[in-house]
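One structure is given below, encoded as structure tokens.
Throughout, a chain's letter reflects where its sequence line sits, starting with A, and its residues are numbered from 1.
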Amino acid sequence: MDKLIQGRAYVLGDKVDTDQIIPANYLVYDPSKPEERKLFGRYALCGVPPEGAGLPDGGVPFVEEGAESSEYRIVVGGRNFGCGSSREHAPLALAEAGITVVVAESYARIFYRNSVNGGYLVPAECAERLVEQVRTGDELRVDLAAGTLENLTRGTTHKLLPLGAVVGILEAGDIFKYAGSVGMLG
Amino acid sequence: MGSTMTEQILARHAGRDSVRAGETIWIDVDILMTHDVCGPGTIGVFKEHFGDAARVWDRHKVVLIPDHYIFTADEHANRNVRTLREFAAEQDLPYFYDVGTERYKGVCHIALPEEGHTRPGEVLLGTDSHTCTAGAFGEFATGIGNTEAGFVMGTGKLWVKVPETMRFEFEGELPPYLMAKDLILAVIGDIGTEGATYRAMEFVGEGISGLTIEDRMTLCNMVIEAGGKNGVVQPDEVTFDYVRRRTAKSGTKADFEPVYDTADGGYVHVSSYDMSRLEPMVARPHSPDNKSCVSEVAGTRLDRAYIGSCTGGKVSDFQAAARILAGREVRIDTFIVPATTEVAAALDTERLNGQTLREVFEGAGCRVGQASCAACLGGPIDTFGRLNEPLACISATNRNFPGRMGHKDAGVYLASPLTVAASALTGHITDPRDMLG
Ligand code: SF4
């Protein structure tokens with residue numbers, strides 16, 4: 001896992017569910033086929049209603065029409081990020097679009113597990129409500145070792161919560177690498 | 001100090017005498033279920049990590065149930081079912097319910113118990129968030145992702161964090177105008193869509209003992225809508241009777257070891273409900289916790305009604321709807337989608353006043369579809385009942401986030417099959433008590 005991630009922020013509100021992250025009609029693609037896997041990046045976050053897409057103004061596309069990945073690097077979300085279905089296509093779509101870290105106030109359980117076990121992205125938590133303090137397009141630097149998020153555009157620093165029990169899996173890369181490293185896979 | 005049901009099941013599957021909420025443990029899995037949407041990805045992960053020639057950890061414990069995108073011309077969707085078919089053949093899996101054969105079932109969470117794959121005291125994992133439905137049988141059941149499922153396929157194991165337990169007590173008897181759907185919408189409305197995140201939701205009390213197994217399934221089905229890890233109902237004769245009949249019929253494993261809550265305290269939350277005082281409920285767009293009593297939103301104009309899914313597409317759901325629709329005519333497009341082929345067959349055998357349920361629905365002007373998930377999750381554009389326009393729909397399904405049933409700007413109201421049926425007759429949200437006479 002990269003411990004230092006810098007890039008522009010894309011800000012979303014509360015309860016961004018998996019149907020908004022990747023709508024169900026795109027689930028027909030098979031992520032284990034590389035040419036189909038790429039498509040998830042193109043459609044990432046395309047189900048977010050316009051008023052919630054890129055806060056505070058809204059109406060900001062996450063992925064430009066025809067592009068395969070996003071120019072944003074860090075997603076900032078509110079409460080219960082990734083609620084809804086168990087589809088792993090959700091963190092996968094964000095990862096394919098170029099996201100390596102999401103910073104939200106809280107996560108739905110399956111999205112959190114999928115992000116970690118599949119090694120797609122780091123689901124970081126911040127006790128503060130960042131959604132109202134960060135604007136889409138702000139330049140952010142996330143330092144996972146120090147547990148901080150710096151807003152370089154605004155000159156503010158916010159503390160992240162410790163990663164907790166999953167840090168071993170995040171550091172190993174995914175659940176397979178972790179299980180291998182602790183001798184579970186023989 | 002005793003333990004909750006969830007703690008006892010997890011302890012047993014971790015080879016331990018006891019475990020406590022908050023611990024991270026590795027557990028042995030009894031059943032792994034996957035379907036056409038997540039199966040191909042799961043199989044891909046399994047092969048990537050265990051090799052092309054690898055065998056699943058136990059062929060009697062892997063259940064493949066195509067159900068999501070079945071009756072569609074979408075070539076990728078059809079290809080995904082073929083991927084399951086090839087894998088089932090290659091691994092010689094006895095429990096594959098293939099499309100286009102007599103074995104085809106439909107919605108996985110209803111198919112699992114019908115085919116004898118749910119048993120008290122066991123651990124069931126599935127690549128679908130509503131896998132929690134099986135908690136109705138007194139087991140630990142929860143949804144996982146493809147990577148985790150690929151890992152389980154090869155090892156039969158997974159890590160879990162032992163959840164804290166929230167306890168919901170129901171007293172009294174369910175009045176004829178209420179269904180389990182109203183109870184769970186009331187609970188979700190009270191605790192919110194993240195009220196149970198990382199937690200187990202245990203349903204107890206004489207009100208729960210009085211519920212049918214199908215109603216218990218509806219309750220546990222929607223715990224994920226409150227963020228819950230699993231839902232669980234203490235097993236009793238109703239459970240044992242169902243499980244014995246089903247395992248005997250399918251020839252699946254018949255022995256099981258039930259657990260009962262001995263914790264007697266230590267729950268993170270306790271609340272109680274008197275069923276006789278609850279009202280019919282709806283969840284307004286666009287969140288399952290956006291709760292109102294039907295009486296508060298009665299008269300809201302609708303374009304469509306939908307009865308189906310793992311939440312509202314079981315035999316008892318259609319019996320309830322038929323009580324309202326019999327001898328009347330719907331005012332708006334009304335879609336009826338049986339969850340499984342067994343439920344579909346019951347539409348032709350179950351009768352009300354001499355008519356079959358199918359005759360009641362067709363006589364009322366409803367359109368009856370084939371067993372599958374259909375428009376519950378939108379799906380390909382040609383899916384039966386899909387909201388392809390920004391319509392207002394009242395639905396017996398479980399989720400109403402933006403775009404869930406197809407169109408981003410459609411507004412979905414979640415309600416019980418009784419309330420959906422009553423509303424279909426008038427074209428606006430209607431209290432079932434007005435139609436039950
Ligand atoms: S019926 Fe709906 S909620 Fe149930 S498994 Fe199918 S898509 Fe999911």
Reported CG-to-CH2 distance for the pair A/Asn117 and B/Trp159, which is rounded to 0.5 angstrom
5.5 Å
Residue from B/Ile144, B/Asn146, B/Thr83 scoring the most non-hydrogen pairs under 4.5 Å with chain A is B/Asn146
Beyond-backbone contact of B/Glu48 with A/Ser32, side-chain heavy atoms, under 4.5 angstrom:
no
Rounded distance [0.5 Å steps], CG in A/Leu39 versus NE2 in B/His76
7.5 Å
Answer whether the closest heavy-atom distance between the side chains of A/Tyr107 and B/Thr197 falls below 4.5 Å.
no
Mind checking whether A/Arg109 and B/Pro163 have side chains closer than 4.5 Å, heavy atoms only?
no
Least distance between heavy atoms, B/Lys161 atom then A/Arg113 atom
N-NH1, 4.5 Å
How are the rings of A/Phe176 and B/His49 set relative to one another: parallel (under 30°), tilted (30 to 60°) or perpendicular (over 60°)?
parallel
Has A/Asp17 got a side-chain atom pairing as donor or acceptor with B/Phe401's backbone, closer than 3.5 angstrom?
no
Just how far is it from atom CG of B/Asn80 to atom CG of A/Asp30, taken to the nearest 0.5 Å?
6.0 Å
Considering all heavy atoms of both residues, which atom of B/Phe151 and which atom of A/Ala179 are nearest to each other, and what is their separation?
CE1-CB, 3.5 Å
When you compare the side chain of A/Met184 with that of B/Thr155, does any pair of heavy atoms fall below 4.5 Å?
no
Between B/Asp289 and A/Lys15, is there a salt bridge with N-O shorter than 4.0 Å?
yes
Among A/Gly84, A/Pro91, A/Gly180, which has the most heavy-atom pairs under 4.5 Å with chain B?
A/Gly84
The interface call for B/Thr383 against chain A, heavy-atom contacts under 4.5 Å, is neither
Using a cut-off of under 4.5 Å for heavy-atom pairs, which of A/Val48, A/Leu92, A/Ile169, A/Leu27 has the most such pairs with chain B?
A/Leu27
Distance col, row A/Ser86:OG vs B/Glu148:CD, nearest 0.5 angstrom, shows 9.0 Å
Between B/Pro402 and A/Gln20, is any pair of side-chain heavy atoms under 4.5 Å apart?
yes
State, yes or no, whether a side-chain contact exists between B/Arg386 and A/Asn25 at a heavy-atom distance under 4.5 Å.
yes
Where do B/Gly145 and A/Asn114 come nearest, in terms of heavy atoms and distance?
CA-OD1, 3.0 Å
Run the salt-bridge test on B/Arg79 and A/Glu36 with the 4.0 Å N-O cut-off and return the result as yes or no.
yes
Sort out for me which of B/Leu377, B/Ile224, B/Thr193 touches chain A most, counting heavy-atom pairs under 4.5 Å.
B/Thr193
For the CD atom on A/Glu51, are there more than 12 heavy atoms of other groups (residues, nucleotides or ligands in this structure) within a distance under 6.0 Å?
yes
For each of B/Thr142, B/Ile381, B/Asp409, B/Thr131, tally heavy-atom pairs with chain A at distances under 4.5 Å, and name the one with the top tally.
B/Thr142
Distance check, rounded to the nearest 0.5 Å: B/Phe50 atom CZ versus A/Leu185 atom CG?
5.5 Å
Using a 4.5 angstrom heavy-atom cutoff, name the option from B/Pro380, B/Gly228, B/Ser129, B/Gly126 with the most pairs to chain A.
B/Ser129
